[in-house]
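Below is one structure, written out as structure tokens; the observations come after it.
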Amino acid sequence: MTNTLTLQDKVAFIQGGSRGIGAAVAKRLAREGAAVALTYSQSPDAAQAVVQSIEAAGGRALAIKADSADADAIRGAIRQAAEAFGRLDILVNNAGVLAIAPIEEFALEDLDRTLAINVRSVVIASQEAALHMGNGGRIIQIGSTNADRMPFAGGAVYAMSKSALVGLTKGLARDLGPRGITVNNVQPGPVDTDMNPANSDFAESLKQLMAVGRYGQVEEIASFVAYLSGPEAGYITGANLLIDGGFSA
Ligand SMILES: NC(=O)c1ccc[n+]([C@@H]2O[C@H](COP(=O)([O-])OP(=O)(O)OC[C@H]3O[C@@H](n4cnc5c(N)ncnc54)[C@H](OP(=O)(O)O)[C@@H]3O)[C@@H](O)[C@H]2O)c1
């Protein structure tokens, strides 16, 4: 029988794949045939559960503890994944943190941590991944619609961190396009996860701002990432792509 899986024989590395959007991306890419390595920093059990779910469905997966604030840990994890699975085709930079506070009170350590995880880790992982990828490689950031629209107070630093990915993605696309590697930035709107649960007062206020009036589900983001990871998306690069239920409309 002909194999029709779009990511058959591909290897994906997901920075921050234990929970939320990253876990859904890991499972979806595995369902499309990719072997998947995923990192975590705090949640070994959740990461292992993602691996088990992929393996139970007949896929290949590996969880690696690597704090995205630690450059050596990121590089080491990517090397470990490429060695374990023999190649690297897809990098998804999903790890992210959200610190909300009025600017007058915003802690310096939260500023540094946000920039380290949401921005610096994306540069470092892309750098290391580019050493292992060949023609057809894919780098996908999980940015945010907040790069375009920040309708509540206290999110200035988070919005700045996600805006940084807009320029980074364009520049990386220029660097890596000649090698057949695409680089794109997926910008979700509110998605129901631990970071942003859909059943809070805050969530109710955000739903009022959206064309569809509801939160997104992690699987909706994962299917978009799977499309961008696949062979049909080779002409999309340097793009900042909203998937936000009309949050920015
Ligand atoms: N949910 C939303 O509404 C929304 C909207 C737009 C964009 N986003 C972005 O989407 C991405 C995922 O968000 P989410 O809602 O799925 O968040 P989440 O539920 O809090 O999950 C975050 C994931 O990132 C990992 N992570 C966090 N800090 C890390 C670190 N220092 N090192 C390694 N991994 C780390 C976590 O691993 P551990 O379990 O080990 O901590 C976890 O797997 C983030 O970049 C976020 O900014 C989310």
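Since we're looking at a predicted model, the values are computed, not measured. Remember, it's 1-based here, ligands and their atoms both numbered in the order they're listed. The analysis underlying the following values was restricted to heavy atoms, covering all of them including side chains, and did not include hydrogens, waters or symmetry mates. Each residue takes its place number in the sequence, starting with 1.
Remark: R79 engages E128 in a salt bridge (Lys or Arg N to Asp or Glu O under 4.0 Å) (not counting sequence neighbours).
Each of G16, G17, S18, R19, G20, I21, Y40, S41, Q42, S43, A66, D67, S68, N94, A95, G96, V97, R113, I117, I142, G143, S144, Y158, K162, P188, G189, P190, V191, T193, D194, M195, N196 has a non-hydrogen atom positioned under 4.0 Å from some atom of ligand 1.
By the 4.5 Å side-chain criterion applied to Ile, Leu, Val, Met, Phe, Trp and Tyr, V119 is assigned to a cluster that also includes I103, F106, L108, L111, L115, V157, M160.
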For a quick test of your reading: what N or O donor-acceptor pairs under 3.5 Å do the side chains of residues 37-58 make, sequence neighbours left out?
{"from": "T39", "atom 1": "OG1", "to": "G16", "atom 2": "N", "distance (Å)": "2.8"}
{"from": "S43", "atom 1": "OG", "to": "R19", "atom 2": "NE", "distance (Å)": "3.3"}

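The closest side-chain donor-acceptor pair between T114 and N118, if any, does not fall under 3.5 angstrom.
Classification of R113 and E109 as a salt-bridged pair fails, no side-chain N sitting under 4.0 Å from a carboxylate O.
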Subject >> CA sep, side-chain torsions, deciding dist, call: S144, Q187, side chain to side chain donor-acceptor pair (under 3.5 Å) >> reply: CA-CA 4 Å; S144 170; Q187 299 178 296; over 6 Å; no
